[in-house]
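Every value quoted in this text rests on a predicted model; they were computed, and no experiment measured them. A, B, ... follow the sequence lines: proteins, then strands. Residue 1 opens every chain.
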Number of protein chains: 2
Amino acid sequence: MVKLTTHDRAAALAAGLDAFWQWGFHGTSMKDLERATGMHPGSIYAAFGSKRGFYVAALDRYTEDVLADLRRHASEAASPIEGLAGFVEAVALDEDRSARSCMLVKTLLEHGEGDETLRRSAESGIAAIETEIGNNLRRAQQRGEASASLEVEHAARRIQLNIMGLRSFACRPGANESVALMAHDIASEIRKLKQVPS
Amino acid sequence: MVKLTTHDRAAALAAGLDAFWQWGFHGTSMKDLERATGMHPGSIYAAFGSKRGFYVAALDRYTEDVLADLRRHASEAASPIEGLAGFVEAVALDEDRSARSCMLVKTLLEHGEGDETLRRSAESGIAAIETEIGNNLRRAQQRGEASASLEVEHAARRIQLNIMGLRSFACRPGANESVALMAHDIASEIRKLKQVPS
DNA sequence: TTGCATCTTGAGCAATCACTCAAGCATTCC
DNA sequence: GGAATGCTTGAGTGATTGCTCAAGATGCAA
């Protein structure tokens, strides 16, 4: 591993992530990555070790981006549950990325059987996001926004399943309008958690 | 295109589907397909034209399998909505395939950008399944099982999004128990469509 | 048995794959 | 200025990719 000086490591990761996101791991060649990053093969290997190492680093960056996005929505919204609902609704609004699946799901499906390293890398990212969703729900409970009897982990998993489905659904050619509808549906299901049962 | 005699075309498709399902389009080499089908390269090209042609044929077969499964559940269940609910619950029970994503979603995500042929092939399969779900809902309306005011296409899309999410979720390593829980959740959401509003 | 048509075979094609490494270059230190 | 250090470079590695096609095997009719 070598510290990038001339070529900024963060920029390389962003460019690499973009390429992998478009074409997947097997569909992206080192030539593609050279073009995308503007780096030469030697530099890529010096910085990331291997194509797989590059992919894992890009995937980690993706996970951090999603977590940051989630926290941003949580902090800017009126309440934790509104934060989650807003996060889901934003999927339909992000023009650049709305037609792209969740990179973690993409990884999981591409390497469903086989590459254990990438699979585990994806799983840990998914688990981190699930935990963050759970944290928001717990915060909602503390505020009295959600029922204390809510099974947080179960609800968090259900929300994440919805997001996974939504982002996969969004890859369908020409699905823009219905993605917005579905996102709204899911958001209002999340808002139903506000109602505290007796 | 040549009629397979020695090598049964259906068996070749099943074996090819299995390989593509495990490793994806780019992750499966012709060598892998030769091993999986027991065919020699020349025969594969005579029968399917190209690797892509083989993939499309296998994907079509997959779609037909899913549709047949959906219809089987519909005909064996007590009612159309029970048929849909049972179809979803069965995802968690199928031991062989429960750890596998929906092949159509896998195709959509792998070729999200790029291969238009495969993308369109996946989209038409997804649309066919959505239509079949819609047919079941319409049948439920005719029987008075579901409200006449139910927006069939919207509900069908929502159900399919849930199934997409569920099957992706099922790829997570060691998710078996929670997949069953999620499947049950989704099934009971489908059953709520039974309640006819005033 | 012979002649013809069809099917099967697998060695081999050019292209591409992930990856390496010796040489060139720039910078930094004394 | 000169030596040392370490990053950058890209031609080149052997392996593998999707795919072809001439030659051999096979079946059938006469």
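The distance between atom CH2 of W23(B) and atom P of dG18(D), rounded to the nearest whole Å, is 13 Å. Here dC19(C) presents its P atom at 10 Å from CG of L33(A), a figure rounded to the nearest Å. As rounded to whole Å, 14 Å separates atom P of dC19(C) from atom CZ of F48(A). The interatomic distance linking F20(B) (CZ) with dG18(D) (P) rounds to 9 Å, in whole Å. Rounded to an integer number of Å, the gap from M39(B) CE to dT8(C) P is 8 Å. The interatomic distance linking I44(B) (CD1) with dT20(D) (P) rounds to 13 Å, in whole Å. The distance between atom CG of D32(B) and atom C1' of dG18(D), rounded to the nearest whole Å, is 12 Å. Taking atom OH of Y55(B) as the reference point, atom C1' of dT17(D) lies 18 Å away to the nearest angstrom.
When the shell of 6.0 Å around CD of E151(A) is examined, it contains 12 or fewer heavy atoms from other residues, nucleotides or ligands.
Of the candidate nucleotides dT8(C), dC19(C), dT9(D), dC19(C) has the atom nearest to the side chain of Y45(A). Side-chain atoms of S50(B) lie closest to dC19(D) of the nucleotides dT8(D), dA11(D), dC19(D).
Taking 4.0 Å as the cut-off between side-chain N and carboxylate O, R191(B) and E82(B) count as a salt-bridged pair.
For dT8(D), neither phosphate oxygen OP1 nor OP2 lies less than 4.0 angstrom from any side-chain nitrogen or oxygen of H40(A).
Applying the side-chain contact (heavy atoms from CB on, under 4.5 Å) criterion to A156(B), with sequence neighbours excluded, gives E130(B), I133(B), L137(B). By the salt bridge (charged side-chain N to carboxylate O under 4.0 Å, His left out) test, R143(B) pairs with no residue at all, sequence neighbours left out.
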Give every donor-acceptor pair under 3.5 Å between a side-chain atom in residues 116-127 of chain A and any protein atom, sequence neighbours left out.
{"residue": "R119(A)", "atom": "NH1", "partner": "G112(A)", "partner atom": "O", "Å": "2.6"}
{"residue": "E123(A)", "atom": "OE1", "partner": "R172(B)", "partner atom": "NE", "Å": "2.9"}
{"residue": "E123(A)", "atom": "OE2", "partner": "R172(B)", "partner atom": "NH2", "Å": "3.0"}
{"residue": "S124(A)", "atom": "OG", "partner": "S121(A)", "partner atom": "O", "Å": "3.1"}

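Each of G42(B) and K51(B) has a nearest nucleotide on DNA chain D; the 5'-most of these lies closest to K51(B).
The heavy-atom pair separating R158(A) from N162(B) by the smallest distance is NH2-OD1, 3.1 Å.
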Expected rows: protein N/O vs nucleotides 22-26 of chain D N/O, under 3.5 Å:
none

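Sorted by first and then second residue, the salt bridge (charged side-chain N to carboxylate O under 4.0 Å, His left out) pairs with a member in residues 19-28 of chain A form an empty list; sequence neighbours excluded.
Proximity of a side-chain donor or acceptor of Y45(A) to a complementary backbone N or O of S50(A) within less than 3.5 Å is not detected.
For DNA chain D, the neighbouring residues in residues 24-31 of chain B, judged by any heavy atom under 4.0 Å, are T28(B), S29(B), M30(B).
The aromatic rings of F48(B) and F54(B) sit parallel to each other, their planes meeting at less than 30°, with 60° as the upper class boundary.
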